[in-house]
Amino acid sequence: MLGGRAVLVSSASTVVFFLVLFAAIALAPGASIVQERFLDPVHLKQAFLGTQTSPSVFEALLLNVKMFMIAEAFILVFALIVAIVRGIPGPVFFPFRAVAVAYTDLFRGVPLILVLYMLGFGVPGLGLRFFSSRSDVTYGIASLVLVYSAYVAEVYRAGIDSIHESQIAAARSLGLSRWQSLRFVVLPQAIRRVIPPLLNDFIGLQKDTALVSVLGSVEAARAAQIYAAEQFNYSSYVIAAALFVLLTIPLARFTDQLIARDRRRRAAGVTV
Amino acid sequence: MMPSGPPETAPGDGPALRVDNVYKSFGANRVLNGISVQVAPLEVICLIGASGSGKSTLLKCINLLEPVDSGSIFVEGHDITTPGVDVNQVRRRIGIVFQAFNLFPHMSVLQNITLGPRRVLQASSSEAGGRAAELLDRIGLSDKKDEYPDRLSGGQQQRVAIARALAMNPEIMLLDEITSALDPELVAEVLGLVKELALGGMTMVIATHEMGFARDTADRVCFLDEGLIIEEGRPEEMFTAPQQPRTRQFLQRIIAAGRL
Ligand SMILES: Nc1ncnc2c1ncn2[C@@H]1O[C@H](COP(=O)(O)OP(=O)(O)OP(=O)(O)O)[C@@H](O)[C@H]1O
Ligand SMILES: [Mg+2]
């Protein structure tokens, strides 16, 4: 807890710090041109709402949100399957494990943008009936799912590995099958443990939906780019950036809360 | 009620459990060395022996948590160590309680106890709940049924672990040093419960360092040394007139440590 004097000092130091920072920025050479190009109130507003010829950045952001939500749902399930397959013991399942390992190695290594190019531009050219006639957004979501599931599968796996084997022994000794032990004993504990890192990955996913614009989908970043190209003003990027930040902040705070709750609970557990 | 005598007074034809010439190694470390032991129905035997003598390993082999290298184990006359045996089927008939309780931390006391009956025995939730309520009453923890394990004392947790194993109506209970992780003042409540179980009639194999408890509760005490039972007998005989020098040595150390 801060005492009265400490509060005073911290407030004063905060005020002085920002005054100096503001002065440094405002008085710097080129400050006015920077403001005009990046922070023009008229352009900020126009980019946000859209014009006759350029889409609203705000509305375009809804596409990001939509891609994020759909991708997230698939990732949660698909990554869990990959993580589980990777942990199935026994020589019979070797090829399945191998595929799961190869998949995670591959897609954690390849940049998302390359996956987008390959799926978004490559697959339509294959002339396959179903796969080659999807929308850009679909290829975008598929790429996000492929890349992020590789990360999330590893997060799940770390969670599964963190459950002590004595828990499995206790479950098996009751006569639960291997699968039942996983389902009722290991996974519920593992998933609870990995929620914070999982949410962290999803913050990354929210931002990376912007990369789908390389396929031509008009999401927030692309809408901002259209505006900037038309008006020769970059305020649209600033508004897009601000919207992305606003989008991720709730998730970030929620993650912090979960971590704090976890820490409190663990601390309480130790003293019992 | 009290099974006052060794095997021959007990009902049933054959032994409840028979371990026959079992070997088990971990790498180059041979832990069970051709061990054999029989347990009659309703008999309570205590396994004593130095740390590392193989008590826990024997119990894990009986529960098929560790595969044996060679030899056989029979439950009610059925060989459970032949290949192709349904391990889940075997395990539901044998309850085991561990030193570290190993309760499921994400489940309430009630859920811990009903998990096995519900998922393995396919009991309905009211059946399983009714049986759990009975057991909770018996272990004196009816008021804790909705608590999570980390809110219970070690002694309470271990009693719940015993109830969890009993909920499966096992034919045999294996207890592996179930009081070793407890504060001294909590040991009595758990041992008291085990004693009640023994008096109520339950086949049990108990690995323990609590010699006083073994003397009071066991029908027979087996002394393990380097993966073999080198001496066994009724507790009166074992604790007062051990025949083997190793047994004598072990008991002397225990007495010196003030544990008998
Ligand atoms: N999973 C395992 N892997 C390798 N070695 C093991 C394993 N479990 C037990 N051992 C070894 O087997 C030997 C016997 O262990 P065990 O736990 O059966 O002894 P114990 O009689 O129960 O001893 P304690 O009284 O300390 O519990 C020890 O040397 C131990 O290191
Ligand atoms: Mg042991």
Subject >> Atom CE of M69(A) with >12 non-hydrogen neighbours under 6.0 angstrom >> reply: no
**OP:** Check the surroundings of atom CZ in F74(B): do more than 12 heavy atoms from other residues, nucleotides or ligands lie under 6.0 Å from it?
**Re:** yes
Subject >> Distance-only polar pair, side chains of S56(B) and D176(B), donor-acceptor under 3.5 Å >> reply: yes
Original post:
For T138(A) and S135(A), does a side-chain donor sit closer than 3.5 Å to a side-chain acceptor?
Top reply: yes
Below 4.5 Å from any heavy atom of chain A, which atoms of [X] appear? Answer side chain, backbone, both or neither.
X	result
N63(B)	side chain
R93(B)	neither
F98(B)	side chain
V87(B)	side chain
L103(B)	backbone
I94(B)	backbone

Subject >> Contact origin within Q180(A) toward chain B - heavy atom pairs under 4.5 Å >> reply: side chain
Subject >> Side-chain ion pair, R86(A) and E154(A), N-O less than 4.0 Å >> reply: yes
Which one wins on heavy-atom pair count under 4.5 Å against chain A: [options]?
options	result
M107(B), Q89(B), R164(B), R92(B)	R164(B)
L174(B), V97(B), L65(B), I96(B)	L65(B)
A100(B), P105(B), G95(B)	P105(B)

**OP:** Compare all side-chain heavy atoms of F202(A) with those of F68(A) and state whether any distance is below 4.5 angstrom.
**Re:** yes
**OP:** Work out which heavy atom in I113(B) is nearest to a heavy atom in A163(B); give both atom names and the distance.
**Re:** CD1-CB, 3.9 Å
